[in-house]
Amino acid sequence: MFDIYLTLIARGLSTGAIYGLTAMGIVLIFQTNNILNWAQGNAGMFITYLAFFLLALQLPYPLVILLAIIAGAIMGGLVEKYLIRPVREKSRIGLLMITLGLAMVFEGLAAFIFRPFPRNFEPLLKGSIAIGPITLGQQDVLVIVLSTLIFASLFLILYRTKIGIGARGIAEDWYGARVLGVPVFTISLIIWSISFALSGLVGILIVPRFALEPHFMLPIQVKAFSAAVLGGMNSVLGAAVAGLLLGVMENIIAFHFPYLQESFSLVLVVIVLLFLPTGLFGKKTQRRF
Amino acid sequence: MLKIEALVSGYAHLEILHSINLKVEKGEIVSVLGSNGAGKSTLLRTISGILKPWKGTITFEGKLLNDLDPIQIVKHGVVQVPEGRHIFPGLTVKENLLLAGYKFGKIELSERYDSVYTMFPVLKEREKQLGGTLSGGEQQMLALARGLMPKPTLLLLDEPSLGLAPKLVTLIFKTLERFRDEGLTILLVEQNAKRALEISNRAYILATGYLALEGNSSDLISDQNVKRLYLGR
Amino acid sequence: MILQVKDLTVRFGGLVAVNKLSFDVKPSTIHGLIGPNGAGKTTVFNSIFKLVPYNGNLIYKNIDMGKYPTHSLVNMGISRTFQNLSIFYSMTVKENILVGLHSKKSSNLIKDTLGYKINSEKELLEVSELLNILPYLSVYAMFLPFGILKMVELARALISKPQLILLDEPGAGLNPAEKERLKEIIKRIKEMGISVLMVEHDMGIIMNISDEITVMNFGEKISAGTPEMVIHDLKVIEAYLGEEIHA
Amino acid sequence: MKKSTLISLLLLALSLVLPIVLSERPSLIAYLNLIMIYALSAQGLNLLLGYAGQVSLGHAAFMAIGGYTSAILVMQFGFNNIFSIISAILLTGFCGLFVGFPSLRLSGFYLAIATMALGTASADIIKRLSITGGDQGLRNIPPLNIFSYEFVSEIQKYYLLLIILLIVFILVKNLVNSRSGRALRAIRDAELTAETMGINIAYYKVVAFVISSMIAGLSGALYAHTISYLHPVNFGLSFSIELLAMTIVGGLATIWGPLLGVLFWVFLPRIIGARMEFLATAFFGIMVILSIRFFPRGLSEIIFRLERKLKLYS
C-alpha cells in the first residue's frame with residue numbers, strides 16, 4: 001500500500017514539475033511587469049507545433065528541443081518589444097487583455113496553419129524504470145531532472161547575475177531602477193524570452209501525455225496559475241514549491257476520487273484565496289494612498 | 001557644464017514646467033527651491049530622461065541630452081538620487097549598489113565598491129543586509145552611495161533631507177559638502193530652504209512651474225523677496 | 001468642538017508616522033495643519049477616514065469615530081479632498097460632483113434600473129457657481145486642466161453640505177491668481193458654517209485665513225495657536241520655516 | 001427630432017423587418033438569435049468589467065448554470081417556462097453573490113484567477129453530475145412556452161429574443177446612468193476615493209456581480225430553450241475568454257458595444273469563409289490587442305469617431 005503512494009508521489013512530482021515550470025514563467029513576468037500572462041500556455045502550444053513539424057523533417061529530437069527553446073525566446077522578446085512595451089504605462093487590466101488577445105492569436109494561427117485535429121506526439125524517452133518500489137516513465141524522470149536543473153539555474157541567474165539582480169530590482173521598484181540607469185526594458189525583454197522559452201520546453205515535455213491540438217496547454221496553464229497564486233505571485237521559489245505540491249496532491253486525490261482530479265486544484269485555490277488573499281507565500285501589502 | 005534653455009515639460013497632458021532657464025557650472029552646488037507642486041521634481045525627472053522635454057534644450061558638457069534615455073544619461077555622468085530614496089527593499093546593500101553600477105565590468109565594479117565603502121563605512125558593515133531593514137538614515141546613505149556608484153560628474157539630488165531627523169539632516173548636508181570638496185557638481189532640490197542656501201553657491205527659486213528668482217545663495221539668504229516668494233508673503 | 005483628536009498614534013511597520021497627537025477643531029473655524037513633508041499631516045486625514053489603522057481617539061461632535069466605516073463619514077457630515085488630485089477621470093464634471101452627493105440622496109437599485117431620476121440640480125448649481133465651474137459641467141474630467149479639476153474636487157466634497165471639510169493642500173499647483181480665489185472660496189466655506197481642517201504648504205494661504213494652526217514635525221505636535229503665535233515660535237522656525245518670517 | 005433618436009428608430013425598424021426579409025433563410029435568423037443570446041451575456045460582462053471594473057474569467061459558467069437550471073426544471077420537474085427562467089435567474093444571482101464576496105477581498109489578478117477557478121470548476125462539476133446528462137449533454141430541451149404559446153420557429157424566437165434584449169439593454173442603460181451606476185463607475189476609476197465619498201464599495205461590488213450573473217443566467221436559460229441542446233464543453237474557460245473578447249472588441253463601458261462585438265464575432269468567420277474559420281480567432285485576438293491599444297471603446301469607438309465626423313460636416 002505504502003509503495004503505491006511512493007509511486008503516486010513520484011508521478012505527482014513529475015506533473016508538479018511541469019506546473020512549477022509554467023508557474024515560474026508566469027511569476028517571472030508578473031513580478032517584473034505586473035502582468036498576468038494569459039498567453040503562457042498557448043505560446044508553449046504554438047512552439048510545440050513548430051517542434052512537431054521539425055521532428056517530421058527527421059531532425060534529431062534534442063536538436064528540436066533546443067530549436068524550440070530558441071524559438072520561444074525569440075517569440076517572447078518580440079511580444080515584449082512590440083505588444084507589451086507600448087501599453088506598459090496604461091492599465092494593468094488592459095495588459096491582461098492584451099495577453100488574452102495574444103493567446104487567441106496563437107490558438108487561431110495554430111489551428112489555421114497546422115489544422116486543428118489531434119496528433120500523436122512521441123516522447124523523447126519511451127521506456128520506464130523502476131527505482132526500488134517505484135515505477136516511473138523515463139520521460140517523467142527526464143522532466144524531474146530537467147526541471148530541477150532549470151529551477152537551479154534560474155536561481156543562479158536571479159541571485160548571481162547582474163541581469164537577475166536587475167530583474168529583482170525592477171520587480172520591486174521599476175522607477176528606482178530606471179533612474180539608476182538599469183536597462184529596465186532590456187531586462188524585461190530577457191524575462192519574457194526566458195518565460196516563453198520555458199513554456200516551449202514545457203509544451204514539448206508534456207504533450208506526449210495528451211495529444212497535440214490547439215487547446216492542450218489550457219489545463220496546464222490553469223493549474224500553473226493556481227500554483228502561481230498559491231505561491232503568492234511574487235516568489236519564483238513559491239511558484240515552484242506550490243507547483244510540486246499541487247502535482248503531488250492532485251495525483252493522490254485522483255487515485256482516491258478520480259472525479260475530483262480536475263476541480264481539486266481550482267477549489268483549493270478559491271479556498272486559499274478566501275482566507276489568504278495574497279496566497280500562501282505572498283507578502284501582505286498595506287492599504288494606503 | 002549643465003545648461004537648460006527654455007525648457008517646457010510635464011506629464012501626459014499636464015504642462016508643469018513653463019520655459020525654464022538654468023545652468024550649473026563645474027564644482028558648484030546649485031539649489032532649486034520652491035514649495036510643493038512648483039515643478040522641482042519634474043525638472044530633475046526631465047534632466048534624467050524619465051520625462052521627455054516638450055520644448056527647449058538640455059545640454060551637458062556640450063552634448064544634447066534631450067532625446068537620450070535614462071541609461072545613456074547615466075553613462076554620460078548625470079545621475080539622479082530620487083525623492084523618497086527608492087531603495088530596493090528585498091535586495092542586499094551590495095546588490096543595491098551593484099544595480100547602480102550596472103554599466104561597469106567586474107574589475108571596475110569592485111573598485112567602485114571600495115571607493116563608495118570608504119566614503120560610507122557603515123554600508124560596508126551592512127553589505128549583506130537587505131535594503132528594507134536599514135534605518136531611515138542608513139537608507140539615505142545608501143541612496144547617496146548608489147548615486148556615487150556610476151562615477152557621476154553631476155549629481156541630481158531630490159530632497160535628500162526628506163523625513164530625516166534634524167541630526168541626520170545635518171549629517172547629509174555635511175556629506176554633500178564633502179562631495180563638492182572632492183570635485184563633484186551637485187544640483188540640489190530642497191524644501192529646507194535655509195539649509196540648502198547655506199551650502200549652495202547659487203540658487204533658483206521655482207514657483208508653479210516658472211522661474212521666480214535666481215542668484216547667489218549668500219545674497220538670497222538675506223533677500224526679502226525670497227521670503228516673499230518661497231514662504232509666500 | 002467639532003473634532004477632537006486625542007493621543008492619535010499611527011505606525012507603519014516600525015515607523016511612527018504620528019505620535020500621540022492631540023488637537024481640537026472649533027466649530028466654524030479654519031484650522032491649519034502644517035509641518036515639513038513627511039511630518040504626518042496626510043496620515044492624520046487618512047486616520048480620520050479610517051484608511052490607516054490607528055490608536056487613540058478621534059471624536060467628532062461627541063461621537064467616537066472608531067467604529068464608523070469610511071463610507072459612512074460623508075453622511076455624518078465629514079468630507080475631504082486629496083493631496084494628489086483624485087478625480088474620476090472617465091466621468092463628466094457633473095457626474096464627478098454628484099458622486100459627492102451619493103450618500104445624501106437615496107434611491108435603490110430597482111428605482112435606478114427602472115430609470116427613476118434624482119433631482120440634484122439645485123445643489124449642483126449652487127456649488128458650481130461658488131467654485132466657478134458651471135461651464136464645464138458636461139465635460140469629461142480627463143480633458144480639463146489641473147486648476148479646474150482642483151475646483152471639481154472641492155465641489156465634490158462640498159456638495160454634500162458637510163459640517164467638517166478636510167482640505168489636503170488645496171493650493172498645491174495653483175497659480176497666484178487661482179490661489180487668491182481659493183482664499184476667498186475657503187473663507188466663504190467658513191461663512192457657510194463649515195469647519196475647515198486644512199493641510200497647506202503655502203504660507204500665504206495658511207497664515208492669511210487660518211484661525212488656528214497646529215504645527216507638526218516627525219509625527220508630533222511642536223506648536224499650536226493663532227498664526228501670529230506660531231510664526232514667532234522658535235521651534236517652528238527651526239523645524240519648518242528655516243528662518244524667521246515677518247508677518 | 002434629435003438625430004440620435006432618428007437613428008435608433010431606424011435601427012429598430014430594421015431589426016423588426018430583418019427576419020421578414022430573411023424569412024427564406026431561417027439559418028441566418030438562427031444566427032441572429034444566437035447573437036442576441038450572446039449579446040445578453042456580453043452585456044452582463046460589460047456591466048461588470050466595463051462599468052464596475054471587476055474582472056471575471058468565469059462568466060460562461062453563469063450561462064451554463066442558468067441554462068441547465070431552466071432546462072432541468074422544465075424537463076424533470078415539469079415547471080412552467082416563466083418560473084423556470086425566473087428560478088434560473090435567481091440561482092445564478094445567488095451564485096454571483098457567492099463569487100462577489102471574494103471580490104471584496106481580492107483585487108485585480110487574484111480576482112481573475114478566483115473567477116477562472118470557479119468557472120472552470122463548475123463546468124467540470126456539471127460534467128460529473130447525472131442530472132445534467134453528464135458528458136452526454138442535455139438534448140431535446142423543449143422550446144420556450146409562455147402562456148401556452150410555443151416559440152418554435154426561428155422567426156418567433158427572434159421577436160421574443162429581440163424584446164428581451166431591448167428590455168435588458170434599456171434597463172442596463174438606466175442603471176449605469178443612475179446614482180448606482182455612478183457609484184459603480186466611481187469605484188472603477190478610483191476605489192478608495194469612491195469609498196471616501198460615501199460609497200459602500202462592498203455593496204456595489206457584490207451588486208455588480210449579482211446583476212451581471214443574473215443577466216448571464218437569463219441568457220443561458222434562453223440559450224437552452226432556443227438551441228435545445230446543452231453541453232458543458234460549450235461553457236468552459238474558452239467560452240468565458242471569448243465572451244470577454246467580444247465585450248472588449250465591441251467596446252467596454254458602452255451600451256451597444258456588447259451587441260456589436262458579438263455580431264462581429266459570429267459573422268466574422270462567415271465573412272472570411274468557413275475554411276478560414278480559425279483565422280477568424282487569430283484575427284479576433286488581433287482586434288482585442290488593437291482595441292486595448294488604440295480604441296479603448298472597441299468597435300463602438302470607431303462608430304463614435306464616424307459620428308463625430310458626420311456631425312462636423314453636416
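The sequence lines fix the lettering, A, B, ..., with proteins before strands; numbering per chain opens at 1. Bear in mind the structure is a predicted one, so any value in this text is a computation, not a measurement.
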Q: In terms of heavy-atom pairs under 4.5 Å with chain D, which of C:Ile118, C:Leu98, C:Asn75 leads?
A: C:Leu98
Q: Quick one: closest heavy-atom pair of D:Gly198 and C:Ser103, and the distance?
A: O-CB, 3.8 Å
Q: Is it the case that atom CZ in D:Phe94 sees more than 12 heavy atoms from other parts of the structure closer than 6.0 Å?
A: no
Q: With heavy-atom distances below 4.5 Å as the criterion, would you say the side chains of C:His71 and D:Ile201 are in contact?
A: no
Q: Under 4.5 Å from any heavy atom of chain C, what part of D:Ala194 do you find: side chain, backbone, both or neither?
A: both
Q: If I take atom CG from residue C:Leu109 and atom CZ from residue D:Arg179, how far apart are they, to the nearest 0.5 angstrom?
A: 9.0 Å
Q: Report the distance from atom OG of C:Ser160 to atom CE of D:Met197, rounding to the nearest 0.5 Å.
A: 7.5 Å
Q: Under 6.0 Å from the NZ atom of C:Lys94, do we count more than 12 heavy atoms belonging to anything else shown?
A: no
Q: Any chance you could measure C:Arg156, atom CZ, to D:Thr196, atom OG1, to the nearest 0.5 Å?
A: 8.5 Å
Q: Does the side chain of C:Thr113 come under 3.5 Å of the side chain of D:Asn174 through a donor N or O and an acceptor N or O?
A: no
Q: Counting heavy-atom pairs under 4.5 Å to chain C, which of D:Ile199, D:Ile170, D:Val176, D:Leu175 comes out on top?
A: D:Ile199
Q: Around C:Lys105, counting heavy atoms of other residues, nucleotides and ligands shown, do more than 12 lie under 6.0 Å from its NZ?
A: yes
Q: Below 4.5 Å, heavy-atom pairs only: which of C:Val74, C:Asp112, C:Val99 has the largest tally toward chain D?
A: C:Asp112
Q: Does atom CZ (D:Phe264) have a neighbourhood of more than 12 heavy atoms from anything else shown, all under 6.0 Å?
A: yes
Q: Given heavy-atom pairs under 4.5 angstrom as the criterion, report whether the side chain, backbone, both or neither of C:Leu101 touches chain D.
A: neither
Q: Counting only heavy atoms closer than 4.5 Å, note whether C:Ser79 contacts chain D via side chain, backbone, both or neither.
A: neither
Q: Report the distance from atom NE2 of C:His102 to atom OH of D:Tyr204, rounding to the nearest 0.5 Å.
A: 3.5 Å
Q: Using non-hydrogen atoms only, which part of C:Leu73 is less than 4.5 Å away from chain D: side chain, backbone, both, or neither?
A: neither
Q: Would you indicate whether D:Leu10, at its atom CG, is surrounded by more than 12 heavy atoms from other residues, nucleotides or ligands within a distance under 6.0 Å?
A: yes
Q: Could you measure the distance from the CG atom of D:Asp189 to the OH atom of C:Tyr89? Nearest 0.5 Å is fine.
A: 10.0 Å
Q: First locate atom NZ of C:Lys117, then atom OG of D:Ser178, and finally report the distance between them rounded to the nearest 0.5 Å.
A: 7.0 Å
Q: Tell me whether C:Lys190 at atom NZ has more than 12 heavy atoms from other residues, nucleotides or ligands lying less than 6.0 Å away.
A: yes
Q: Go through C:Ser90, C:Gly100, C:Gly115, C:Ser120 and name the one with the most non-hydrogen pairs under 4.5 angstrom from chain D.
A: C:Ser90
Q: Is D:Phe169 atom CZ crowded by more than 12 heavy atoms from other residues, nucleotides or ligands, each under 6.0 Å away?
A: yes
